Peer 1: 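Below you'll find the structure I mean.
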Amino acid sequence: MPEKPVRVRFAPSPTGPLHIGGVRTALFNYLFAKKHNGKFILRIEDTDQARYVAGAEDYLLESLEWCGIKPDEGVNIGGDYGPYRQSERKESYHKYVKQLVEKEYAYYAFDTPEELEKKRKEYESRGETFTYNAAERNSLSNSLSLSAEEVKEKLNSGYPFVIRYKMPVGEELVFEDVIRGRVMVNTNTLDDKVLFKADGMPTYHLANVVDDYLMKISHVIRGEEWLPSLPLHVLLYRSFGWEAEMPEFAHMPLTLKPDGKGKLSKRDGDLGGFPVFPLSWTDPKTNKISKGYKESGYFPEAFINIIALLGWNPGTTQEIFSMDELIGAFSLEKVGKAGARFDPDKAKWFNHYYLQKQDMGTLADSFKEILEEKKADYADIDVRKVVELIRERANFVSDFWDQGHFFFKPPEEYDPKAVKKNWKEDTPGIMNELKQVLSDIEISEFTTENTEEKVKQWINKKELGMGKVMNPFRLSVVGALRGPHLFDIIALTGKKKTLKRIDQALKYIKK
């Protein structure tokens, strides 16, 4: 049990749609908070105005709501530590970055983009890489290399500047990560990161640390891609004198492509035919729509189950978890270091499981919407019973039409391979006799049990063999050798339609 009250945050940037990896970060933070009776906070980190995408914040909020990940504090909710949108906290960052400059932990840098680009090209021409660090900063245009008068003149004249962190020289930093264990970094390998940009906005590094401190964040649980930033963040806590309040850090493994080779991207989803976003996203620049899990027919419970097992292992054979079960079982100690491979087929397996658990009436109503789109008449067919027969074969509600269209429409074609194998020279005569057997059954008695009994009695009496009759019979009713129990199908479609389909088959199937 953590020593201090648990307060964790999910802090996405509104620069585009929420990726699977982002949802997992939100989920792990949420599970950890709930496990320890803590608070889960939603903070929007919109300091990068150049990359801001209209509609992205609303998308983030809608996605979390669909997933069932409910913040305790944050944007559109409120709380004691707001505002929870960084652009609304802009003025507070000036105070803290000024402290760093005054204590000589940071400095003004006046280098223009053109000057820095020229420097990079000089290094590239020698086969080297330019880094703005302790070895270079005294030869560049900044408050460490310029005189106090020159610095004052530039600041007073409104000359553009950024504020960089002054990285210590030759220090061996050692810190702990809950997932990674002990991490050691020499400061000579690090550059002097920008903390404050020329547009007057803080960078992620400064705003992130200041906000985490002010919001009393106890644990920072985020993706592995932020691990290289951890040394700077630890140094910022030290520079501010906040070491005692510094949160514990946990960097989760990457979400990998299905083949395990590299980080999962939207392109992988496009190529593999599976979504990588929780909800559909329309790119405001291209108007191209990327389908989401919700629109692809996944249930939120299935989606959460998929995401939870990406990098986290409960240590048991259990694979199906409700949200409450996830909360009870979750711990950061069971999150692995290695990348977690995303398996689209396993995702379908999860959805299949949750489909079987859905309310039958709700599924029937969803199927009716599909039937109406297909202009299929279902007035005299019990759609609920159809769903009961076909849902075991489906992964999604959208599969119902493929698995059961023949309940509502007669075959428009017949499987040629099945016809060639099963429609013999004597089949028309047998089908005509079968028609008579079915015709003799009263409509009120045209049930699964009764039709099956009568037909099998006739087959046995004629010594025909089941396959010789049932395969052509199924072809006549379905158009292929597939589908649920045949007598269940004809009981639902009814006597009149069954006889009509046999007539149609006799007319169109020719040996």
Side-chain angles (χ1 to χ4, degrees), residues 13 15 47-51 97 100-101 103-148 150-151 153-155 159-175 177 180-209 222-239 249 251 253-254 256-257 261-263 265 267 337 339:
S13 298
T15 54
T47 57
D48 192 344
Q49 295 295 300
R51 295 178 60 220
V97 78
L100 293 176
V101 173
K103 293 178 181 179
E104 299 185 357
Y105 290 120
Y107 59 92
Y108 298 104
F110 303 102
D111 316 271
T112 66
E114 292 76 19
E115 288 170 342
L116 291 176
E117 183 59 27
K118 182 181 178 182
K119 202 76 174 174
R120 288 189 193 95
K121 287 183 177 178
E122 284 177 17
Y123 272 71
E124 285 173 10
S125 68
R126 302 196 298 266
E128 300 173 358
T129 301
F130 169 70
T131 304
Y132 206 123
N133 59 11
E136 294 292 338
R137 60 194 177 208
N138 289 327
S139 64
L140 297 166
S141 180
N142 54 58
S143 57
L144 301 177
S145 62
L146 301 174
S147 68
E150 288 174 305
V151 172
E153 182 183 338
K154 284 183 179 292
L155 292 175
Y159 196 91
F161 66 86
V162 299
I163 297 177
R164 291 180 178 272
Y165 186 76
K166 185 181 176 184
M167 194 59 65
V169 178
E171 182 178 339
E172 202 72 42
L173 283 177
V174 181
F175 41 86
D177 184 278
R180 307 279 155 182
R182 176 161 289 197
V183 180
M184 296 180 66
V185 178
N186 190 289
T187 56
N188 286 353
T189 65
L190 306 173
D191 60 332
D192 290 359
K193 291 287 187 195
V194 174
L195 300 179
F196 221 76
K197 296 178 287 187
D199 63 3
M201 289 294 282
T203 61
Y204 167 83
H205 305 293
L206 176 69
N208 171 279
V209 167
R222 59 189 178 187
E224 181 183 303
E225 63 270 22
W226 292 111
L227 190 58
S229 301
L230 184 55
L232 172 60
H233 297 175
V234 169
L235 284 169
L236 282 170
Y237 275 99
R238 188 174 80 181
S239 299
F249 293 94
H251 289 83
L254 294 175
L256 304 178
K257 303 177 184 185
K261 298 175 181 177
K263 187 178 178 181
S265 68
R267 185 170 180 272
K337 298 178 185 178

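No experiment lies behind these values; they were computed from the predicted model shown.
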Peer 1: Could you check whether any side-chain heavy atom of Lys154 comes within less than 4.5 Å of a side-chain heavy atom of Phe161, counting everything from C-beta outward?
Peer 2: no

Peer 1: Shortest non-hydrogen contact from Thr131 to Glu136?
Peer 2: O-CG, 3.5 Å

Peer 1: Do the side chains of Val174 and Arg182 get nearer than 4.5 Å, heavy atoms only?
Peer 2: yes

Peer 1: Can you find a heavy atom in the side chain of Ser239 that is under 4.5 Å from one in the side chain of Lys103?
Peer 2: no

Peer 1: Any idea which heavy atoms bring Val194 and His205 closest together, and the distance?
Peer 2: O-CD2, 4.2 Å

Peer 1: Which pairs count as ring pair (Phe, Tyr, Trp, His ring centres under 6.0 Å) when at least one residue sits in residues 180-204, sequence neighbours excluded?
Peer 2: His94-Phe196, Tyr204-Trp226, Tyr204-His233

Peer 1: Could you tell me whether the side chain of Asp192 and the main chain of Met167 form a donor-acceptor pair under 3.5 Å?
Peer 2: yes

Peer 1: With distance as the sole test, does Thr187 use its side chain to make a donor-acceptor pair with the main-chain N or O of Glu171 at under 3.5 Å?
Peer 2: yes

Peer 1: What's the spacing between Tyr132 OH and Leu140 CG if we round to 0.5 Å?
Peer 2: 4.5 Å

Peer 1: Begin from the C-alpha positions of Ser141 and Leu146 and carry the test side chain to side chain contact (heavy atoms under 4.5 Å, CB included) through to its verdict.
Peer 2: CA-CA 7 Å; Ser141 180; Leu146 301 174; 4.0 Å; yes

Peer 1: Given His251, which partner from the list Arg180, Glu224, Arg222 fulfils the side chain to side chain donor-acceptor pair (under 3.5 Å) test?
Peer 2: Arg222

Peer 1: Taking the side chain from Asn188 and the backbone from Gly170, do they hold a donor-acceptor pair closer than 3.5 Å?
Peer 2: yes

Peer 1: Please report the closest heavy-atom contact between Val162 and Ala198, naming both atoms and the distance.
Peer 2: CG1-N, 3.7 Å

Peer 1: Only pairs at least two apart or in different chains count here, so list each salt bridge (charged side-chain N to carboxylate O under 4.0 Å, His left out) that has a residue in residues 106-117.
Peer 2: Glu117-Arg120

Peer 1: Considering only heavy atoms from C-beta outward, does the side chain of Tyr159 approach that of Thr112 to under 4.5 Å?
Peer 2: yes

Peer 1: Using modelled atom types only, decide if a donor and an acceptor are shared between the side chain of Ser143 and the backbone of Val151 within a distance under 3.5 Å.
Peer 2: no

Peer 1: Do Arg137 and Tyr107 touch side chain to side chain, with heavy atoms closer than 4.5 Å?
Peer 2: yes

Peer 1: By the definition side chain to side chain contact (heavy atoms under 4.5 Å, CB included), identify the one residue from Leu100, Leu235, Leu195 that meets it with Tyr105.
Peer 2: Leu100

Peer 1: Quick one: CG on Leu144 to CG on Asn142, what's the gap to the nearest 0.5 Å?
Peer 2: 4.5 Å

Peer 1: Can a donor-acceptor pair be found, under 3.5 Å and without considering hydrogens, that links the side chain of Lys197 to the backbone of Thr47?
Peer 2: yes

Peer 1: Fit a plane to each ring of Phe110 and Tyr108, take the angle between them on a 0 to 90° scale, and name the class: parallel (under 30°), tilted (30 to 60°) or perpendicular (over 60°).
Peer 2: parallel

Peer 1: What are the two closest heavy atoms between Ile163 and Ala106, and how far apart are they?
Peer 2: CG2-CB, 3.8 Å

Peer 1: With a 4.5 Å cut-off on side-chain heavy atoms, are Lys193 and Leu236 touching?
Peer 2: no

